[in-house]
S.K.: 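Okay, handing you the structure first.
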2 protein chains.
Amino acid sequence: MNFDAIIAAVNKMIPINQSDFDIVAQKLSVRHLKKNEIWEQEGKICQLMGFVNSGILRQYSLKDGNEFTTDFFMENEFIGNYISYQTQQPSQTITEALEPCELLTIPFHDFVSFYECIPATKKSAKIVGDQKLFQLYEKNTSLLMDSPEERYYKLIEQKPDLINRVPQYMIAQYLGIRPESLSRIRKRHRPKK
Amino acid sequence: MNFDAIIAAVNKMIPINQSDFDIVAQKLSVRHLKKNEIWEQEGKICQLMGFVNSGILRQYSLKDGNEFTTDFFMENEFIGNYISYQTQQPSQTITEALEPCELLTIPFHDFVSFYECIPATKKSAKIVGDQKLFQLYEKNTSLLMDSPEERYYKLIEQKPDLINRVPQYMIAQYLGIRPESLSRIRKRHRPKK
DNA sequence: CAAAGTCATTGACTTAAGTCAATAAAAGAA
DNA sequence: TTCTTTTATTGACTTAAGTCAATGACTTTG
């Protein structure tokens with residue numbers, strides 16, 4: 001198992017010493033996903049946290065048979081359905097690999113069990129959670145205040161490579177519009193030949 | 001100071017004994033707000049948590065001089081800008097009383113200082129935080145998946161009295177539409193005379 | 001009480017997203 | 001490579017929200 005990326009990601013948040021990391025690492029597993037493979041299914045209680053070593057995933061919900069992408073997870077990001085785990089309620093979302101992925105996973109339960117003896121686990125969980133809260137808050141504000149067009153160009157600024165790695169219709173879902181509308185938004189701003 | 005409501009609210013989440021509560025209560029202040037009075041101003045770092053004893057407040061942001069209401073807080077709800085406090089960044093939002101309000105307030109800093117010696121403080125903060133996270137997540141999903149009309153009728157179901165206590169144009173802001181559009185949505189579903 | 005201000009409704013019109021269908025382009029599989 | 005599937009674009013049209021302006025209802029307050 002290659003821990004370089006996750007160690008770097010954790011160290012960006014909080015210094016962690018090798019022996020503490022090794023203890024946690026004993027509970028880590030590797031999971032390889034094929035393209036289009038589903039990692040976590042709707043209707044099940046989510047028990048796993050993950051770290052994306054490579055690849056890209058998305059979370060989406062279904063309504064009347066239509067998909068609504070709510071989030072993307074790329075290399076060096078943490079992934080998990082904390083709400084489902086914390087409430088022990090079935091997940092409303094499906095998490096799917098959009099490319100072949102390598103994840104490091106650990107059961108929430110195991111990770112939480114380190115909170116008291118390895119303070120860095122608890123602190124890093126708090127930092128990641130706060131970041132997610134902040135992102136969610138920002139997205140909410142953007143959905144209220146910005147036009148679809150503004151949301152699209154903000155996304156390009158924030159995650160430029162996302163646009164190139166993910167089908168456009170999923171970006172449209174994420175922005176809350178139809179794929180045809182996103183195509184027309186792009187056309188509007190395309191320099192005329 | 002009347003602590004009945006806050007004690008009941010805390011006890012719903014987690015049992016708390018009177019002596020622990022009394023210690024925390026020493027740091028509580030009462031704050032009375034007139035209608036339209038601003039509790040927390042945009043651009044300042046938010047240092048206070050609050051509990052609404054009576055009245056109703058809203059949080060809103062400004063963009064190009066237009067208001068966008070992001071949340072309402074009614075009796076027996078906790079209020080505060082955790083993100084601003086945690087990041088020590090200026091608040092992007094304004095919190096304003098929509099009716100005469102009585103708040104119990106406590107500085108985040110003081111409340112956090114009880115985390116180790118009074119575990120109920122930490123646990124209740126976690127529960128409130130998780131509930132807010134869940135609500136934010138739900139609202140986000142609703143903005144993506146539901147029509148303005150559906151969002152309006154969901155809101156009526158979830159907070160029936162909100163509609164009667166708050167100007168309609170603020171409800172429209174909260175739903176992400178113009179007040180004229182909300183008026184027409186209501187008209188569509190009004191039984192014809 | 002009258003006057004001023006605020007808020008909701010309505011009408012006429014504009015704008016942009018949604019829908020449906022056809023085609024083109026790109027990606028994957030045999 | 002060719003065939004198939006998936007995805008993106010475009011056109012024609014519908015629908016609903018946005019905009020602007022006028023009016024009426026309701027509050028507030030001097």
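Just so we're on the same page: letters track the sequence lines, and every chain starts at 1.
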S.K.: Within 45° of the six-membered ring axis of B/Y137 and under 6.0 Å from that ring's centre, is NZ or CZ of A/K132 located there?
M.R.: no

S.K.: How would you list all residue pairs meeting ring pair (Phe, Tyr, Trp, His ring centres under 6.0 Å) that involve residues 31-52 of chain B, not counting sequence neighbours?
M.R.: B/F51-B/F78

S.K.: Who pairs with B/Q18 by side chain to side chain donor-acceptor pair (under 3.5 Å), at least two apart in sequence or on another chain?
M.R.: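 Applying side chain to side chain donor-acceptor pair (under 3.5 Å) to B/Q18 gives B/D22.
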
S.K.: Between the two end axes of the helix from C/dC1-D/dG30 to C/dA30-D/dT1, each built from 5 base pairs, what angle do you get to the nearest 10°?
M.R.: 50°

S.K.: Round to the nearest Å and state the distance from B/L175 atom CG to C/dA8 atom C1'.
M.R.: 16 Å

S.K.: Any non-hydrogen side-chain atom of B/L98 less than 4.5 Å from a side-chain atom of B/F72?
M.R.: yes

S.K.: Return yes if some donor-acceptor pair links the side-chain N/O of B/S91 with the main-chain N/O of B/T93 below 3.5 Å, else return no.
M.R.: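 Yes; judged by distance alone, with no hydrogens or angles, the pair exists.
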
S.K.: What residues, two or more places apart in sequence or in another chain, satisfy side chain to side chain donor-acceptor pair (under 3.5 Å) together with B/S29?
M.R.: none

S.K.: Shorter than 3.5 Å, N or O on both sides, protein versus nucleotides 25-30 of chain C: list them out with atom names.
M.R.:
residue	atom	partner	partner atom	Å
C/dG28	OP1	A/K35	NZ	2.7

S.K.: Write down the distance between CG (B/L98) and P (D/dT27), rounded to a whole number of angstrom.
M.R.: 16 Å

S.K.: A/Q173 CD to D/dA8 C1': how many Å, rounded?
M.R.: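 In whole Å, D/dA8 C1' lies 14 Å from A/Q173 CD.
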
S.K.: Taking the six-membered ring of B/F114, is NZ or CZ of B/K27 closer than 6.0 Å to its centre and within 45° of its axis?
M.R.: no

S.K.: For B/I163 and C/dA8, give me the distance from atom CD1 to atom P, rounded to whole Å.
M.R.: 11 Å

S.K.: Verify salt bridge (Lys or Arg N to Asp or Glu O under 4.0 Å) between A/K63 and B/D146, making sure each step is shown before the conclusion.
M.R.: CA-CA 9 Å; A/K63 180 185 179 187; B/D146 302 332; 2.7 Å; yes

S.K.: Give a yes or no on whether the ring-centroid distance for A/H109 and A/Y85 is below 6.0 angstrom.
M.R.: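 Ring centroids of A/H109 and A/Y85 are no less than 6.0 Å from each other.
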
S.K.: So, is B/Q168 close to the C/dT6 phosphate, meaning a side-chain N or O under 4.0 Å from OP1 or OP2?
M.R.: no

S.K.: Please check if atom CD in A/E102 has more than 12 non-hydrogen atoms from other residues, nucleotides or ligands closer than 6.0 Å.
M.R.: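 It does: A/E102 CD has more than 12 such atoms within range.
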
S.K.: Sugar-phosphate means primed atoms, P, OP1 and OP2; the rest is base. With that split, encode nucleotides 12-19 of chain C 5' to 3' as B, S or - using protein heavy atoms under 4.0 Å.
M.R.: B---SSSB

S.K.: Step through the shown structure and confirm whether more than 12 heavy atoms of other residues, nucleotides or ligands are within 6.0 Å of CZ on B/F134.
M.R.: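 No - once you tally the heavy atoms of other residues, nucleotides and ligands closer than 6.0 Å, there are 12 at most.
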
